[in-house]
2 protein chains.
Amino acid sequence: MAFHALADATRRGILDRLSRGPASVSELARPYSTSLAAIQQHVQVLEASGLVVTEKRGRTRECRISSEAVERVESWLHERRQLWESRIDRLGKLLEGGEFEGETEPWNSAAGGDHR
Amino acid sequence: MAFHALADATRRGILDRLSRGPASVSELARPYSTSLAAIQQHVQVLEASGLVVTEKRGRTRECRISSEAVERVESWLHERRQLWESRIDRLGKLLEGGEFEGETEPWNSAAGGDHR
DNA sequence: CGGATACTTAAGTAACCGCTTGACTTTTTG
DNA sequence: CAAAAAGTCAAGCGGTTACTTAAGTATCCG
């Protein structure tokens, strides 16, 4: 759900603002020309994703970034990139000095190339 | 555009698969019950976002992850988290030993509290 | 050549998303 | 207390998205 929350430019802008410190909903809305209700909905999405935590104080709502949640998303990406890059490394070592192009590729021969 | 690409579970699954090595479109489609056309469309979205690069080889299309693009997304998150966390640190040092709750908060007094 | 394979394109559709408006609640302030 | 301020809720609307099916293109194999 976090990636969906990050998929919207306005929500990324809100997160950007919150990375510089907590804010109320109206304060978050100020840079935008959209209605307050729209921004509140964005905050709801961000809170549902866990990226932002909020707390009602009087008639205002304090919104803060959740660095733990941001870190979880970061890690998801990091793990996959690491996996891929270490694969590249191993491949590099394997091919050390050996040059060949247009050869059979592992991804192509992996699961039944042509005949079923 | 990258976050939008990551917002879909199937596309994240494809990226997951690709982190373990390149694959053809049909190979990517194999774990799913959806049509090949649907998966191809997902690959198109991933390629448009830059997260995946592809190359046509004969009648198959080789799909690979782009670690540079993944790293860019990772960095975007990292920067914001770092900013927020360093803010927390400064605040922690500022409050060292001093306990106060229910006080005026910076986020509330920041830009015109009540009167317009 | 001819059939099979691997995608590619296009059109149609149901569901979802972001936004608006308007009414309503709660809190603060003069 | 009454009015202003801040946020919440709900309905509705237009655009986008993910999916399907069907037809089309390019490549490979015998």
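We name chains A, B, ... by the order of the sequence lines, and we start the count at 1 in each one. All values derive from a computational prediction rather than experimental measurement.
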Handout entry: Distance under 6.0 Å and angle within 45° of ring axis: B:R80 vs B:W76
Key = yes
Value in whole Å for how far the [atom2] atom of [N] lies from [atom1] of [X]:
| X | N | atom1 | atom2 | result |
| --- | --- | --- | --- | --- |
| A:E27 | D:dA5 | CD | P | 17 Å |
| B:L36 | C:dT9 | CG | C1' | 13 Å |
| A:E47 | D:dT8 | CD | P | 9 Å |
| A:Q40 | C:dC19 | CD | C1' | 13 Å |
| B:E55 | C:dT8 | CD | P | 13 Å |
| B:R57 | D:dA26 | CZ | C1' | 17 Å |
| B:I39 | C:dT9 | CD1 | P | 17 Å |
| B:Q44 | D:dA18 | CD | P | 12 Å |

Between [options], which one does the side chain of [X] approach most closely?
| X | options | answer |
| --- | --- | --- |
| B:H42 | C:dT9, D:dC9, D:dA18 | D:dA18 |
| A:T60 | D:dC19, D:dA6, C:dG18 | D:dA6 |
| A:R59 | D:dT8, C:dT29, C:dA10 | C:dT29 |

Handout entry: B:L6 backbone acceptor or donor facing B:R11 side chain under 3.5 Å
Key = no
Handout entry: Sidechain-backbone polar pair: A:R17 side chain, A:G13 backbone, donor-acceptor under 3.5 Å
Key = no
Problem - B:A37 or A:V25, whichever maps to the more 5' nucleotide of DNA chain D - result: A:V25
Practice task
Please figure out whether A:G58 or A:T10 has its closest DNA chain C nucleotide nearer the 5' end.
Solution key: A:T10
Practice task
Using the closest heavy atom to pick a nucleotide of DNA chain C for each, name whichever of A:H4 or B:K56 lands nearer the 5' end.
Solution key: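 Here B:K56 is the residue nearer the 5' end.
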Practice task
Look at the side chain of A:Q41 and the base of C:dT20, then say whether one donor and one acceptor between them are separated by less than 3.5 Å.
Solution key: yes
Practice task
Mind checking B:S35 for me? I need base, sugar-phosphate or nothing, with any heavy atom below 4.0 Å counting as a touch.
Solution key: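 Contact class for B:S35: base.
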Practice task
For A:R81 and B:S67, work out which heavy atoms get closest and say how close.
Solution key: CD-O, 3.3 Å
Problem - Shortest non-hydrogen contact between A:C63 and A:L28, atoms and distance - result: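 For A:C63 and A:L28, the tightest heavy-atom pair comes out as SG-CD1, 4.0 Å.
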